[in-house]
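Worksheet: one structure, shown below.
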Amino acid sequence: MTELQSHGLRLVDPDAGAASRRGGAGPSDHKAVTVDGITLMVPVHTAPSYRSPFVADAPGPDGRALLRRDTIPIASIAFPKQPKFYGRSTAEGVPYSQIATLHGADVLATTVLQTCIRYESRRKACKFCAIGQSLAAGRTIERKTPAQLAEVAKAAVELDGVRHMVMTTGTPPTRDRGAAILAESAQAIRAAVNLPLQAQCEPPDTDAWFRRMKDAGVDTLGMHLEVIDEALRRRILPGKAEVPMSRYWDAFGAAVEVFGRGQVSTYLLAGLGDAPELILSTSRRLLDLGVYPFVVPFVPISGTPLEDQPAPSADFMRSVLEPLGRMAADAGIRATDIKAGCGKCAACSTLSRYETPLAA
């Protein structure tokens with residue numbers, strides 16, 4: 001599974017399963033693939049995937065396909081089907097799929113605000129970010145209202161059995177850095193349907209926002225470091241680097257007090273230059289605080305400044321994920337214990353497989 005995520009996958013039938021997305025907010029250029037009962041997000045539209053040794057044959061009448069490594073059969077796989085809620089639209093004519101999308105097998109995800117003060121400046125934009133691509137292509141709308149999100153979430157639960165939801169956002173030009181629109185969105189969704197929620201934003205200006213989001217119905221919180229080394233932060237995410245690491249550490253501690261151990265998480269992107277030793281030492285500090293370090297392999301997205309950055313090798317990922325999985329298990333902070341969100345879904349990384357005795 002780790003090799004599959006690193007190399008990507010060639011598809012004999014590109015239309016198999018739910019539609020994949022090119023560009024836009026992540027996970028982009030991926031397709032959901034179920035292997036041995038585990039659903040992974042696997043790159044299918046990236047340069048490495050076009051050269052991948054892994055090939056998926058066209059699905060048969062039962063919906064299953066043969067996964068091969070070159071010519072050698074590896075496993076029988078399946079692709080989650082196109083969700084039923086994609087066929088609906090709001091009274092104003094907005095397709096539900098432009099408001100929220102299916103991630104993995106049973107996760108609803110949305111970018112509440114599809115613009116970002118970082119992205120709008122070439123000097124400040126994160127070099128891997130493609131948040132504006134899907135908006136420019138007309139695949140989404142700029143601002144999803146609380147009422148729209150509640151309507152789509154309710155339909156996704158009733159029609160497709162969605163089990164939890166992720167709400168992320170571009171960073172607005174306000175000191176709360178998106179916490180306010182996430183809180184109002186959560187309140188509307190929870191009034192319509194009992195669906196566990198994760199909110200994701202940069203650390204807000206005041207810790208009081210954590211309690212406000214929690215009271216609004218947010219179950220888990222993601223504040224994503226992505227890159228650790230300070231020089232690397234300034235080069236790859238220059239706008240976000242204006243929020244100092246010290247604020248992230250303070251915010252992590254304050255958020256854990258509100259949401260609880262294991263219910264606060266952060267993305268760490270492996271393959272952008274941070275050494276395995278730095279990723280692991282930072283992860284240890286995060287776990288000691290009660291924060292889940294969700295380490296995922298970097299995926300180069302076309303149209304971004306890092307589109308030619310190579311994805312990390314499977315050996316690199318194993319050198320991080322294997323010891324990290326043991327660390328997380330020893331700390332009692334596992335993906336299976338998270339109430340909602342990316343860490344619980346676990347499809348963008350094989351980390352959760354290393355938290356059990358079976359290696360990925």
Side-chain angles (χ1 to χ4, degrees), residues 1-89 95-98 100-109 130 133-134 137-140 156 159-163 296-304 307 310-311 313-314 317 342 345-350 353 360:
M1 293 185 185
T2 302
E3 289 189 52
L4 184 60
Q5 279 199 321
S6 291
H7 288 291
L9 178 65
R10 289 183 286 140
L11 300 170
V12 172
D13 179 9
D15 296 325
S20 55
R21 295 187 300 127
R22 295 176 184 263
S28 295
D29 295 356
H30 287 64
K31 184 176 281 289
V33 180
T34 301
V35 186
D36 292 335
I38 304 298
T39 299
L40 300 174
M41 297 302 292
V42 179
V44 295
H45 298 306
T46 63
S49 68
Y50 298 144
R51 303 186 298 269
S52 174
F54 293 102
V55 182
D57 290 342
D62 62 352
R64 303 198 66 81
L66 179 65
L67 175 66
R68 295 181 284 114
R69 179 163 189 152
D70 297 320
T71 59
I72 301 172
I74 300 294
S76 175
I77 64 174
F79 302 94
K81 296 179 180 179
Q82 189 88 335
K84 296 182 181 68
F85 78 86
Y86 277 21
R88 291 192 174 185
S89 299
Y96 279 11
S97 61
Q98 293 187 9
T101 58
L102 183 72
H103 283 200
D106 57 6
V107 186
L108 186 65
Q133 288 186 11
S134 49
R139 296 193 301 268
T140 188
L159 297 176
D160 298 286
V162 161
R163 299 176 62 188
V296 304
F298 167 72
V299 176
I301 297 177
S302 57
T304 67
E307 64 180 0
S313 69
M317 293 308 303
C342 291
C345 172
C348 288
S349 172
T350 56
R353 307 304 294 160

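Residue numbers count from 1 along this sequence.
Atom CG of Leu66 and atom OG of Ser76 lie 7.5 Å apart (nearest 0.5 Å). The line from CG of Asp57 to CG of Leu11 is 10.5 Å long, rounded to the nearest 0.5 Å. In this structure, Ile74 CD1 and Phe54 CZ are separated by 6.5 Å, a value rounded to the nearest 0.5 Å. The CZ atom of Arg10 sits 12.5 Å away from atom OH of Tyr50, with the distance rounded to the nearest 0.5 Å. Taking SG of Cys342 as the start and CE of Met41 as the end, the distance is 10.5 Å to the nearest 0.5 Å. For the atom pair Met317 CE and Met1 CE, the distance stands at 14.5 Å (nearest 0.5 Å).
The main-chain N or O of Ser302 is found under 3.5 Å from a side-chain atom of Gln133 such that the two form a donor-acceptor pair. Listed for the Thr34 side chain is no donor-acceptor partner under 3.5 Å among the backbone atoms of Ile77. In this structure, the side chain of Tyr96 does not engage the main chain of Ala156 through any donor-acceptor pair within 3.5 Å. With Arg69 contributing its side chain and Pro53 its backbone, the two residues share no donor-acceptor pair below 3.5 Å. A donor-acceptor pair under 3.5 Å is absent between the side-chain atoms of Arg163 and the main chain of Asp106, judged by distance alone. Checked by atom type and distance alone, the side chain of Ser49 never pairs as donor or acceptor with a backbone atom of Gly8 at under 3.5 Å. In this structure, the side chain of Gln98 does not engage the main chain of Ser89 through any donor-acceptor pair within 3.5 Å.
Here the shortest heavy-atom pairing between Ala32 and Phe79 reads O-CD2, 3.5 Å. For the residue pair Pro80 and Thr39, the shortest heavy atom distance occurs at CG-CG2, 4.2 Å. The minimum heavy-atom distance linking Ile301 with Ala130 is given by the pair CG2-CB, 4.0 Å. When all heavy atoms are compared, the tightest approach of Val299 to Thr46 is CG1-CG2, 3.6 Å. Listed here is the closest heavy atom pair of Val12 and Pro14: O-CD, 3.5 Å.
Residues satisfying the salt bridge (charged side-chain N to carboxylate O under 4.0 Å, His left out) criterion with Asp160, sequence neighbours excluded, are absent altogether.
Counting heavy atoms from C-beta outward, Thr350 and Leu4 have side chains that stay 4.5 Å or more apart. At least one side-chain heavy atom of Leu40 sits less than 4.5 Å from a side-chain heavy atom of Gln5.
Annotation: Arg68, atom CZ; neighbour count of heavy atoms from other residues, nucleotides and ligands within 6.0 Å is above 12. The 12-atom threshold is exceeded at CG of Asp70, counting heavy atoms of other residues, nucleotides or ligands nearer than 6.0 Å.
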